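Owing to the predicted nature of the structure, the values given are computational and were not obtained by experimental measurement.
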There are 2 protein chains.
Amino acid sequence: MTARKPRIGQSRATLSDVAAHVGVSAITISRALNKPDLVSEALRQRIDEAVRLLGYVPNRAARALASTKSNSIVVLVPSLSNAVFVDTLAAVHDKLYPAGYQMLIGDTRYSPEQEEKLLRTYLEYNPDGILLTGFDQTPAAQQLLAASNIPTVHMMELDEGGRPCVGFSQFDSGYALTSLLLAKGYRRIAFLAAQLDPRTLRRGDGYRAALQQAGLYDASRELTEPNPSSVGMGGGLLARLLAQAPDCDAVFCNNDDLAVGVLFEAQRRGIRVPQDLAIAGFNNLDMSAWSNPAITTVATPRYATGSEAADMLLALMAGRQPASLKVDLGFELLARDST
Amino acid sequence: MTARKPRIGQSRATLSDVAAHVGVSAITISRALNKPDLVSEALRQRIDEAVRLLGYVPNRAARALASTKSNSIVVLVPSLSNAVFVDTLAAVHDKLYPAGYQMLIGDTRYSPEQEEKLLRTYLEYNPDGILLTGFDQTPAAQQLLAASNIPTVHMMELDEGGRPCVGFSQFDSGYALTSLLLAKGYRRIAFLAAQLDPRTLRRGDGYRAALQQAGLYDASRELTEPNPSSVGMGGGLLARLLAQAPDCDAVFCNNDDLAVGVLFEAQRRGIRVPQDLAIAGFNNLDMSAWSNPAITTVATPRYATGSEAADMLLALMAGRQPASLKVDLGFELLARDST
DNA sequence: GAAATTCAGGTTAGCGCTAACATTGGGTGC
DNA sequence: GCACCCAATGTTAGCGCTAACCTGAATTTC
């Protein structure tokens, strides 16, 4: 048993304080807390009592330093104001929290540079695992990741190169929704997108491919806007579109909030939906199911993505080989009254 | 100069690795990194180069342990899927990040018990400061906070008891919006609320007070629902309301998404807004400005709350006395076409 | 009943960093 | 030219915890 150190003031109780109080050595307290079955029942109870009495709270930094395990996971998402990522985060949390891991959440604001900066910062925490969104890391960030040797899983997109990933094909989803519109007889289909992140662009690629294949592609019907998408912006984009290509018979909006904005603006202009103009959105956000008419959209596996990605990461961290390093969760077309 | 420790494998470079490489002592590297002006220009450059060469990343746990400062701030919000808190978080981040602090974000899911649990967990990180939402902590959580002696600021509500806080009066905002409806001539005003957190309830108190004062309160027009609010739920609540109190001439929705849902449902039922039914929302979310008609709402100071709260916390952490311990940021009524 | 095993706890050392004090070797003042 | 000071770097110790090994007593094995 180590001598009790004199403690000045009322700084927090430490392991040795508890140990001194109970009359055992510090390591025993540590064991009672972390590997309870290595300590006898009776002693464990006395320890629990002392812990409560002294208000002992373990010091995570000390634990991390001594054990070289931080029990924290870095999760980097492009935005916290987008329901897509929030839902994914919730799923990740639901898996990781019971496993004893803390999430360090970083918001990259859709910028690879910001992502690199966050990565640099969070690497100081010595995370046990990393969850990233997409594959568009800067070269420096990729180097950091490689050098750190920390298990990493990418979410929301699929990789052909063998990097661990969970998501769905953005290209296919854009292609499929456009094909649905073509099948319904629409011929002059516009594409409206805000927040030009890589996933948006790949959905646009799918849109373009479908139309080109049908011989119906017209670049003037493609309208984009770098700022984050919102209902208000949907209205603005429709106004721009009608000025530039007034003959469109359908719009593919890259996100449901844009679609709702387009619907509102169409109503203001007396454009009937879907008779004069069909509207399709993306992501199946809550509101698109309830508008009048309800908006056709693509349901994306947000919660499942977070859940599966966390599972894969847990496997990698435990040194287990996950069943698959590439999990394609697919997507679902929801044809509703707006098309 | 301390001897270089033999390093096996390729575990991360440490301060002493850098020191050995440059040929100085570890503390000098530490100084070059943290207090650069204590180290000569020439040496600093050599150190920077070595840091880059070895890919040195400081170990946060070790730094926290040695300095007894974690440079991290715990921020607990009730939900990440509510734009209100996300905006607030963004503001907090914008202030804290430049000051060198990391945020540890916790999502309490509107539960004081969960909040207590998170607090317990995050206290292990030895945060330098804490930001909480509201004042409804469990007694145990309050005890934890008091014992920890960590500067804490409460957001979104105001306290009479002198605890540091930044927000606005939820009661007053509910009272003011109801008064606006009364002033416009509405007499049978309903109140629809989901997610019955304390702030919702206090807004409801304001609503009730205004109506009671006017002698127009009728409990059957108050309808609540414990689950999180959404557009879909707004429609459901309107349906319930019409069954129970079909003569309402206005609805005060506790959040804009409910209001939009009510509007959609009214449209489906052929109820004219505002002629047959006026609709008011809360929080000034993006969509409420663009619907047809645009929805009357209350603009709440979300970003400012985060910003001011972070400022206050920074002052408290630095041992400075903030200008005021109670910052009332007010709110703004936005009368639009739906009333 | 002696050796082998298990159980419950202890000792020692060190994770990587920084606070606090110590040391050096020029200036500076007069 | 001597005391003094300051700037730049070093030494020592320790933050709070746990990994790895060690010890002694109780229990089991045949």
Are B:E49 and B:Q45 linked by a side-chain donor-acceptor pair shorter than 3.5 Å? no
For C:dT18, does either OP1 or OP2 sit under 4.0 Å from a side-chain N or O belonging to B:N34? yes
Atom pair distance, as rounded to whole Å: CD1 in B:I27 and C1' in D:dT12: 11 Å
Looking at A:D87, A:T88, A:D94, which hits side chain to side chain donor-acceptor pair (under 3.5 Å) with A:Y303? A:D94
Whole angstrom value for the distance that separates P of D:dC15 from CG of B:N126: 14 Å
Nearest whole angstrom, please: distance from the P of C:dG14 to the CG of B:L65. 17 Å
Classify B:T68 by what it touches in the nucleic acid, base, sugar-phosphate, or nothing, heavy-atom distance under 4.0 Å. nothing
Salt-bridge criterion met for B:E160 and B:K326 (N-O under 4.0 Å): yes
Taking 4.0 Å as the cut-off, does a side-chain nitrogen or oxygen of A:T28 come that near to OP1 or OP2 on C:dG10? yes
Could you state the atom-to-atom distance from CG of B:L33 to P of C:dC17 in whole Å? 9 Å
For D:dA8 and B:S40 - does any side-chain N or O of the residue sit under 4.0 Å from the phosphate oxygens OP1/OP2? no
Side-chain N or O of B:S67 closer than 4.0 Å to phosphate OP1/OP2 of C:dT18: no
What is the nucleic acid contact for A:K35, judged by heavy atoms within less than 4.0 Å: base, sugar-phosphate only, or nothing? sugar-phosphate
Between B:E113 and B:K117, does any NZ, NE, NH1 or NH2 come within less than 4.0 Å of an OD or OE carboxylate oxygen? no
Just the rounded figure in Å: distance from P of D:dA7 to CG of B:D37. 11 Å
Can you tell me if the side-chain N/O atoms of A:T14 get under 4.0 Å from OP1 or OP2 in D:dG16? no
Is it the case that more than 12 heavy atoms not belonging to B:Q143 sit under 6.0 Å from its CD atom? no
Indicate, yes or no, whether a donor-acceptor pair under 3.5 Å links the base of C:dG16 to the side chain of B:R12. no
Taking CG from A:L38 and C1' from C:dG10, how many angstroms apart are they, rounded to a whole number? 14 Å
Can a side chain N or O of A:S25 be found less than 4.0 Å away from OP1 or OP2 on C:dG9? no
Round to a whole Å and report the spacing from CG of A:L43 to C1' of C:dC7. 13 Å
Does A:Y125 put a side-chain nitrogen or oxygen below 4.0 Å from OP1 or OP2 of C:dG16? no
Taking for each residue the nucleotide of DNA chain D with the nearest heavy atom, is it B:E41 or A:R60 whose nucleotide lies nearer the 5' end? B:E41
Using whole Å, what does the distance between atom P of nucleotide C:dC7 and atom CZ of A:R31 come to? 14 Å
